[in-house]
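Notes for the one structure printed next.
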Amino acid sequence: MRLVIARCSVDYAGRLTAHLPSAPRLILVKADGSVSIHADDRAYKPLNWMSPPCTLKEGDGDVWTVVNKAGEKLIITMEEVLHDSSHELGVDPGLIKDGVEAHLQELLADRIETLGDGWTLIRREYPTAIGPVDILCRDADGGTVAVEIKRRGEIDGVEQLTRYLELLNRDPHLAPVKGIFAAQEIKPQARVLATDRGIGCAVLDYDALRGIEDDKLRLF
């Protein structure tokens, strides 16, 4: 991860335009290629960002240009760099899910046909370079599907699944890989983002999954 603290202005050009006037800000460049600009407030939420896959070019005159695959641009004009350092964080073990999410994953893996007739499980906790995918399975047509499970589905979960899909689709033995965002409740904004990225949504009924009579061998 690269951390840069600089006085800068930021312009975004894409489906909409946005401008951040000159001010001291924190710029994070992560190993997955994402770039985000932060102020000293707003908790974790950045002022502006570019999600991967994208490319960063540091041009002449201290102008950074970040471009994604859709051609949208994030242009950062550096006026004064106060700090610039890089740190190797290694592979993160990922967030340990709470009891409900862990149990949802276990139940859904055991009853993967809940997502569709003829669906089969490949494995739970499928490893990737940025953390494990909750469930990897195949649909009735034999296509690969990655499932991310949350108790409450929000935009961050969709972003997480998007990163997994980008990595999984590099594997010719798995590609093409579709995504399903599964949760007990999915926020409207998360559903809109998922739909825009071609990710399906599934609302899980925890009580119904628990109440199905266990009449077959457990997988785990």
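Each residue takes its place number in the sequence, starting with 1.
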Handout entry: Separation of Thr128 OG1 from Leu167 CG (nearest 0.5 Å)
Key = 5.5 Å

Practice task
Examine Leu16 and Val67 and state if one hydrophobic cluster contains both, with Ile, Leu, Val, Met, Phe, Trp and Tyr joined whenever side-chain heavy atoms are less than 4.5 Å apart.
Solution key: no

Exercise for the section: Could you check if a side-chain atom of Cys8 sits within less than 4.5 angstrom of a side-chain atom of Ile27, using non-hydrogen atoms only? Expected result: yes

Exercise for the section: First locate atom CD1 of Ile155, then atom OG1 of Thr162, and finally report the distance between them rounded to the nearest 0.5 Å. Expected result: 11.0 Å

Problem - Same cluster (ILVMFWY, side-chain, under 4.5 Å), Trp49 and Trp64 - result: no

Fill in the blank from the handout: d(Asn169 CG, Lys178 NZ) to nearest 0.5 Å is 11.5 Å

Problem - Side-chain heavy-atom pair Asn48, Leu74 within 4.5 angstrom cut-off - result: yes

Problem - Smallest separation among heavy atoms of Glu72 and Met50, with atom names - result: O-CE, 3.5 Å

Problem - same_hphob_cluster(Val4, Leu20) at 4.5 Å side-chain heavy-atom cutoff - result: yes

Handout entry: Met78 reachable from Leu26 in the ILVMFWY side-chain graph, under 4.5 Å edges
Key = no

Exercise for the section: Please say whether more than 12 non-hydrogen atoms of neighbouring residues, nucleotides or ligands are located less than 6.0 Å from CG in Asp40. Expected result: no

Practice task
Could you tell me whether the side chain of Asp141 and the main chain of Gly143 form a donor-acceptor pair under 3.5 Å?
Solution key: no

Fill in the blank from the handout: Rounding to 0.5 Å, atoms CG (Asp110) and CD1 (Ile135) come to a distance of 10.0 Å

Practice task
Find out whether Lys73 and Val66 are in side-chain contact, i.e. whether some heavy atom of one side chain is under 4.5 Å from a heavy atom of the other.
Solution key: no

Handout entry: Side chain proximity check, Ile37 to Tyr12, heavy atoms < 4.5 angstrom
Key = no

Practice task
Please confirm whether the backbone N or O of Arg191 pairs with a side-chain atom of Thr195, one donor and one acceptor, at under 3.5 Å?
Solution key: yes

Practice task
May I ask you to say whether Lys187 pairs ionically with Glu185, meaning some side-chain N is under 4.0 Å from a carboxylate O?
Solution key: yes

Practice task
Write down the atom of Ala183, the atom of Arg152, and the distance for their closest heavy-atom approach.
Solution key: CB-C, 4.2 Å

Exercise for the section: Evaluate side-chain contact (heavy atoms from CB on, under 4.5 Å) for Gln105 paired with Glu125, printing each intermediate quantity in order. Expected result: CA-CA 9 Å; Gln105 183 193 115; Glu125 300 288 337; 2.9 Å; yes

Fill in the blank from the handout: To the nearest 0.5 Å, atom CG of Leu193 lies from atom SG of Cys201 at 9.5 Å

Practice task
Can you see which heavy atom on Leu47 is nearest to which on His38, and at what distance?
Solution key: CD1-C, 4.0 Å

Fill in the blank from the handout: Scanning both residues in full, the closest heavy-atom pair of Ala6 with Val81 reads CB-CA, 4.0 Å

Handout entry: Side chain to side chain, Arg138 and Thr144, heavy atoms closer than 4.5 Å
Key = yes

Practice task
Side-chain contact test, heavy atoms from C-beta onward, threshold under 4.5 Å: evaluate it for Leu136 versus Leu168 and give yes or no.
Solution key: yes

Handout entry: Audit row: Arg197, Glu159, side-chain contact (heavy atoms from CB on, under 4.5 Å) steps and yes/no
Key = CA-CA 10 Å; Arg197 295 184 176 179; Glu159 295 283 9; 2.8 Å; yes

Handout entry: Cys54 versus Asn68, closest heavy-atom pair with distance
Key = CB-CA, 3.9 Å

Problem - Residue pair Leu28 / Leu3, side-chain heavy-atom distance below 4.5 Å - result: yes

Exercise for the section: Write down the atom of Val133, the atom of Tyr164, and the distance for their closest heavy-atom approach. Expected result: CG2-CG, 3.7 Å

Practice task
Applying side-chain contact (heavy atoms from CB on, under 4.5 Å), run through Ile76 and Val35 and close with a yes or a no.
Solution key: CA-CA 10 Å; Ile76 307 169; Val35 178; 4.2 Å; yes

Practice task
Report yes if the side chains of Thr114 and Leu108 come closer than 4.5 Å at any heavy-atom pair, otherwise no.
Solution key: yes

Practice task
Go through the steps to decide whether Asp11 and Thr17 satisfy the test side-chain contact (heavy atoms from CB on, under 4.5 Å), and finish with yes or no.
Solution key: CA-CA 7 Å; Asp11 291 279; Thr17 58; over 6 Å; no

Problem - Electrostatic pair Glu154:Lys45 at N-O distance under 4.0 angstrom - result: no

Handout entry: From Met1 atom CE to Glu88 atom CD, the distance as rounded to the nearest 0.5 Å
Key = 10.5 Å

